[in-house]
2 protein chains.
Amino acid sequence: MNNRKIDKLDLEILNILQADGKVSNAEIARKVGKAPSAVLERVRKLKKSGIIEGYECIVSHKSLGRGLTAFTSIRVEEGVGATEVGQKLAEFPEVLEVHYTAGRDSYLVKVRVEDTEALQATLAKFGTIGPVRDTNSTIVLTTVKESRVIPLPLEND
Amino acid sequence: MNNRKIDKLDLEILNILQADGKVSNAEIARKVGKAPSAVLERVRKLKKSGIIEGYECIVSHKSLGRGLTAFTSIRVEEGVGATEVGQKLAEFPEVLEVHYTAGRDSYLVKVRVEDTEALQATLAKFGTIGPVRDTNSTIVLTTVKESRVIPLPLEND
DNA sequence: CTTGAAACAAAGCCCTC
DNA sequence: GAGGGCTTTGTTTCAAG
């Protein structure tokens with residue numbers, strides 16, 4: 001979590017990488033008009049400082065029997081133990097996201113499973129976690145957009 | 001969207017790629033005990049058939065002034081035009097996900113912005129979309145897990 | 001940040017099974 | 001059809017300026 005100074009060239013590189021995580025350093029170098037070794041050094045520093053968190057291969061969940069996405073709001077017993085609940089929720093492989101949210105003490109999790117039957121099984125597992133009071137699921141019918149690309153300001157900070 | 005037959009070797013390759021989107025074909029080949037050219041051919045077919053959707057570079061939003069994540073439920077006028085609303089929502093760069101959900105006619109969107117002020121501005125923009133009735137936002141305090149890695153069954157289909 | 005050199009990987013071809 | 005081995009091209013990586 002090092003807070004390095006990010007300049008315009010870093011932002012350019014990050015934008016190119018966000019558009020396609022598989023571009024080679026050589027091609028980034030061509031696009032920004034610098035030598036490949038210079039770009040390599042930048043990318044390495046961005047990775048080391050935690051600004052680049054990693055690279056993910058996006059696999060089609062529909063093609064692989066995980067066609068059902070649901071968002072489940074989970075109310076937990078107020079007070080202590082809330083953090084551990086989040087950790088336990090994160091351990092389920094079918095739970096892709098775990099967010100602790102404001103408002104009433106609750107988590108919002110994104111679940112990706114095969115069908116409604118599997119969702120029911122997952123919700124039942126949630127119920128076995130101690131401080132979990134109740135759950136409220138919203139089934140996704142169509143996903144129009146799903147990305148992690150964040151807009152980067154192209155001026156300096 | 002070709003429905004090819006996925007065998008165990010494909011699943012192994014996908015698991016390795018999901019764990020690290022930047023591994024080289026050569027290293028995958030070493031791990032699965034096959035020649036690099038064979039793995040390359042598999043990966044290409046997986047990409048072509050849509051099972052591999054792409055590769056994303058994950059950039060730390062906190063490091064780059066997008067520290068606020070919110071989930072906003074958007075009720076829309078029932079009936080026609082619902083799809084266009086989803087498309088319009090997806091055009092906002094700060095809107096990372098757009099899901100059309102069951103229940104009442106509504107979208108669930110994930111928004112990533114700088115602060116609450118920016119969230120307010122985004123919500124105001126949502127309001128200018130014709131069929132949008134009202135919005136309901138949940139602020140994320142802590143994100144415990146955020147991934148797109150789906151668990152792959154290691155037996156054949 | 002650039003250059004140049006060496007190690008490595010990608011991608012195409014041809015061969016075998 | 002699918003994988004193994006080879007070759008060429010391009011990329012990564014390091015050292016030195």
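Hydrogens, waters and symmetry mates are skipped; everything else that's a heavy atom, side chains included, is used. Throughout, a chain's letter reflects where its sequence line sits, starting with A, and its residues are numbered from 1.
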- Task: On DNA chain C, check which nucleotide each of Ser37(A) and Lys22(A) is closest to and give me the residue with the more 5' one.
- Result: Ser37(A)
- Message: Check for me, please, whether Leu14(A) and Val149(A) land in the same ILVMFWY cluster - side-chain distances under 4.5 Å, paths through other members count.
- Response: no
- Side-chain heavy atoms under 4.5 angstrom apart, residues restricted to Ile, Leu, Val, Met, Phe, Trp, Tyr: same cluster for Ile74(B) and Tyr100(B)? yes
- Task: Mind calculating the distance between OH (Tyr55(B)) and P (dA10(C)) to the nearest angstrom?
- Result: 11 Å
- Message: Can you measure Glu27(B) atom CD to dA9(C) atom P for me and round it to whole angstrom units?
- Response: 8 Å
- Phosphate contact (dA2(D) OP1 or OP2) by Lys45(B) side-chain N/O below 4.0 Å: yes
- Message: Quick check: is Phe92(A) connected to Val144(B) through a chain of hydrophobic side chains (ILVMFWY, heavy atoms under 4.5 Å apart)?
- Response: yes
- Could you tell me whether Lys110(A) sits above the aromatic face of Phe71(A), with NZ or CZ closer than 6.0 angstrom to the six-membered ring centre and within 45 degrees of the axis? no
- Query: Does Arg44(A) place a side-chain N or O at less than 4.0 Å from the phosphate oxygens OP1/OP2 of dC14(D)?
  - Reply: yes
- Give Leu9(B) one of three labels, base, sugar-phosphate or nothing, depending on what nucleic acid heavy atoms sit under 4.0 Å from its own. sugar-phosphate
- Arg30(B) side chain near dC8(C) phosphate (N/O to OP1/OP2, under 4.0 Å): no
- Message: If I take atom CG in residue Leu40(A) and atom C1' in nucleotide dC8(C), what distance separates them, rounded to the nearest angstrom?
- Response: 14 Å
- Message: Pick the closest DNA chain C nucleotide for Val23(B) and for Pro36(A) by heavy atoms, then say which residue is nearer the 5' end.
- Response: Pro36(A)
- Query: Ile28(B) has an atom CD1; how far is it from atom C1' of dC8(C), in whole Å?
  - Reply: 16 Å
- Ala38(B) side-chain proximity, nearest of dA2(D), dT3(C), dG4(D): dG4(D)
- Task: Could you check how far CD of Glu41(B) sits from C1' of dA2(D), rounded to whole Å?
- Result: 9 Å
- Message: If only side-chain N and O atoms count, and only distance matters, is there a donor-acceptor pair under 3.5 Å linking Thr101(B) with Ser106(B)?
- Response: yes
- Contact class for Ser24(A) vs. all strands (heavy atom < 4.0 Å): base, sugar-phosphate, or nothing? sugar-phosphate
- How is Ala26(B) classified with respect to the nucleic acid when contacts are heavy atoms under 4.0 Å: base, sugar-phosphate, or nothing? sugar-phosphate
- Query: Please give, in whole Å, the distance from dG1(D) C1' to Arg42(B) CZ?
  - Reply: 11 Å
- Distance in angstrom units between Asn25(B) CG and dA10(C) C1', rounded: 7 Å
